[in-house]
There are 2 protein chains.
Amino acid sequence: MQKADDSGSEAASGSAVDQVVAAIRALIRERGLGVGDVLPSEAELGAMVGAGRNTVREAIRILKAYGIVESRQKVGAVITDRRREAVMDVFSFAIDISAATFRDVQGFRRLVEVNLAETLIGRLPAATLAAMAAENAAMAAAEDPAAAARHDYAFHRLLVEAAGNRTLAEVYAILRPVVQRLMETGKTERRARDGAFREHAAILDALGTGDRLGYAYHMNRHLDAGLEFLPEAGRG
Amino acid sequence: MQKADDSGSEAASGSAVDQVVAAIRALIRERGLGVGDVLPSEAELGAMVGAGRNTVREAIRILKAYGIVESRQKVGAVITDRRREAVMDVFSFAIDISAATFRDVQGFRRLVEVNLAETLIGRLPAATLAAMAAENAAMAAAEDPAAAARHDYAFHRLLVEAAGNRTLAEVYAILRPVVQRLMETGKTERRARDGAFREHAAILDALGTGDRLGYAYHMNRHLDAGLEFLPEAGRG
DNA sequence: GCTCGGTATTTTGTCCCACAAATGAAGGAG
DNA sequence: CTCCTTCATTTGTGGGACAAAATACCGAGC
């Protein structure tokens, strides 16, 4: 009864569910569907691909988990874009994020943030600098590590967004759960939090005075310090 | 999709599937399950929560989409942590392609690739350099623009992957459709393709001789040239 | 003619059942 | 003791049924 072996369309990898996902992807692409458009009903999709409704439902369930569609009864599966929320949900699970992931993401931040000086210096509005200073002060004054981490992240987000590149900003939004959690582990000790505050201040100072070398130096130190509280296993 | 995560109980207002997801989360937390442990079978979970097997399957499907579990027949759903891959998969889904997007992505590439010199110079294996040269030659010799674009992208992928940062490599994999399409439009004219070939060669030369300024100069020029064939609208 | 309310219909949500496929486990033959 | 066969368990897929929700439609009343 299964193995319709439908040729012609996406020869997706393995399972029937994956094939349906691929078919829906193709459908979205070919028909140019965007946010607000509705997918065919589950029964229709099943007929199109030669799959049962259960299989189609599991495929749609994947897309829902991805934040790409929402389904409403009587209407069907509507295309949305809540992918960032989905990412937050993914990392809200109680599983610890591996040290290797932390290191890798921090390495990515180093590749990007340390080199932002060229783009930012001289082009950074005073308002942005002031906002960053405010976040830094709020971080130092925060009650708990989670709040401090939020302000720490906000500081860096302002920095990154000031570069004026949307792709970069979105990448940082994706990485936010990992980055912010790492920041949180680095805020439990008073000493470390004070160190981050001083590093932020030095970074701001370098940005204000146009000191590129100083910026790179302090940013490098700052990102290194963020990894200080990770277990030593799994170098990256 | 709530954030029950820390609260003691599992209120789980929403659908039955959401309740099962919450129950599994609670199970993972309470039993302290980690990577490698297996969840109870679908039938057992259904009995525990009072839900049908289909409902349980959809809940597990969400966790699979999140990269939290993998299921193998006869064994069951084993806990893994492929969340990073899952997140990247989410964002590789559908990217809108407009002139503004091209400009933005190219700007992101500039932020990253121009500054890779510090990381790469002196640490780039000869084999990688040779592979990049081979891709460059293949690009120049390619029959059609699409093939040339594939080799162009391969050249840059080798460069980026040589930095040894997984996050960066995965971000580039996400951007691949956009980047490669842009490369394709820049390969239709013979003159432009020859220019790209020479720029690649100059980049390789600078990498080989450790000429950081030369690398940055040529990479900047190269990325600029890639935008030459875009319509003028929407400056960045 | 227009508005309000009830009915009809479509579509998703959940459950049950059945069987196929995979695969680890147990048991038997050499 | 080892290898092979058989078995049992669990996921994978398909089909059917009914409930719930929400839109669409149609008729009654003003």
Side-chain angles (χ1 to χ4, degrees), chain A residues 1-7 9-24 27-28 31 33 36-80 82, chain B residues 1-2 10-24 27-28 31 33 36-80 82:
Chain A
M1 42 184 71
Q2 48 262 42
K3 279 289 174 291
D5 223 352
D6 60 312
S7 54
S9 57
E10 304 284 317
S13 50
S15 68
V17 175
D18 289 342
Q19 289 181 16
V20 176
V21 170
I24 296 176
L27 201 70
I28 292 174
R31 296 193 185 173
L33 300 182
D37 296 326
V38 308
L39 261 45
S41 73
E42 294 169 354
E44 275 181 270
L45 284 170
M48 286 169 54
V49 189
R53 196 162 84 95
N54 268 327
T55 305
V56 174
R57 278 187 65 79
E58 290 198 23
I60 291 179
R61 195 49 94 168
I62 292 175
L63 301 186
K64 284 199 247 184
Y66 281 3
I68 291 176
V69 306
E70 279 171 5
S71 42
R72 301 205 310 266
Q73 288 184 172
K74 168 72 181 176
V75 176
V78 187
I79 297 181
T80 65
R82 304 183 62 78
Chain B
M1 301 224 185
Q2 48 274 9
E10 55 185 88
S13 52
S15 65
V17 174
D18 289 342
Q19 290 180 16
V20 177
V21 171
I24 295 176
L27 202 68
I28 291 175
R31 297 193 185 172
L33 300 182
D37 296 327
V38 308
L39 261 46
S41 73
E42 295 169 354
E44 276 182 273
L45 283 170
M48 286 168 56
V49 189
R53 193 161 83 97
N54 258 320
T55 304
V56 173
R57 279 187 64 79
E58 290 198 24
I60 292 179
R61 195 50 94 167
I62 292 176
L63 302 186
K64 284 198 243 183
Y66 282 1
I68 304 238
V69 306
E70 276 172 8
S71 42
R72 300 205 313 266
Q73 289 183 172
K74 168 74 181 177
V75 176
V78 303
I79 298 182
T80 66
R82 302 184 63 78

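Note that the structure is predicted; figures quoted are calculated from it, not measured.
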Spacing of A/I62 atom CD1 relative to D/dT13 atom C1', expressed in whole Å: 14 Å
Separation of A/I68 CD1 from A/I79 CD1 (nearest 0.5 Å): 9.0 Å
From C/dC15, C/dT11, D/dT10, nucleotide with atom closest to B/Q73 side chain: D/dT10
Length of the line joining B/K74:NZ and C/dA26:P, which is rounded to integer Å: 9 Å
Side-chain N or O of B/T55 closer than 4.0 Å to phosphate OP1/OP2 of C/dC15: yes
Proximity to the side chain of B/S41 - top-ranked nucleotide from D/dT11, D/dA8, D/dG12: D/dT11
A/L45 CG - D/dG15 C1' separation (whole Å): 17 Å
Donor-acceptor pair under 3.5 Å, A/N54 side chain vs D/dG12 base: no
A/K64 side chain near C/dG13 phosphate (N/O to OP1/OP2, under 4.0 Å): yes
Point-to-point distance, once rounded to the nearest 0.5 Å, from OG1 of A/T80 to CG of A/L63: 10.0 Å
Separation of atom CG in A/L39 from atom C1' in C/dT12, rounded to whole Å: 13 Å
From A/M48 atom CE to A/I24 atom CD1, the distance as rounded to the nearest 0.5 Å: 8.5 Å
Short side-chain N/O contact from B/S71 to OP1 or OP2 of D/dT10, under 4.0 Å: no
Distance in angstrom units between A/R72 CZ and C/dT10 P, rounded: 19 Å
Selected nucleotide, minimal atom distance to A/R57 side chain, candidates C/dT9, C/dG13, D/dT13: C/dG13
Between C1' of D/dT13 and CD of A/Q19, the distance in whole Å: 12 Å
Distance (rounded to the nearest 0.5 Å) between A/D37 CG and A/I28 CD1: 9.5 Å
Nearest-Å distance for atom pair CD/C1', residues A/E70 and C/dG13: 16 Å
Interatomic distance, B/I60 CD1 vs D/dT10 C1' [rounded to whole Å]: 11 Å
B/R57/A/E58 salt bridge by N-O under 4.0 Å criterion: yes
Sugar-phosphate, base or nothing in reach of A/A43, heavy atoms under 4.0 Å: nothing
Polar side-chain contact B/R61-D/dT11 base: donor and acceptor under 3.5 Å: no
B/R53 side chain, from C-beta outward: closest of C/dA18, C/dG13, D/dG14: C/dA18
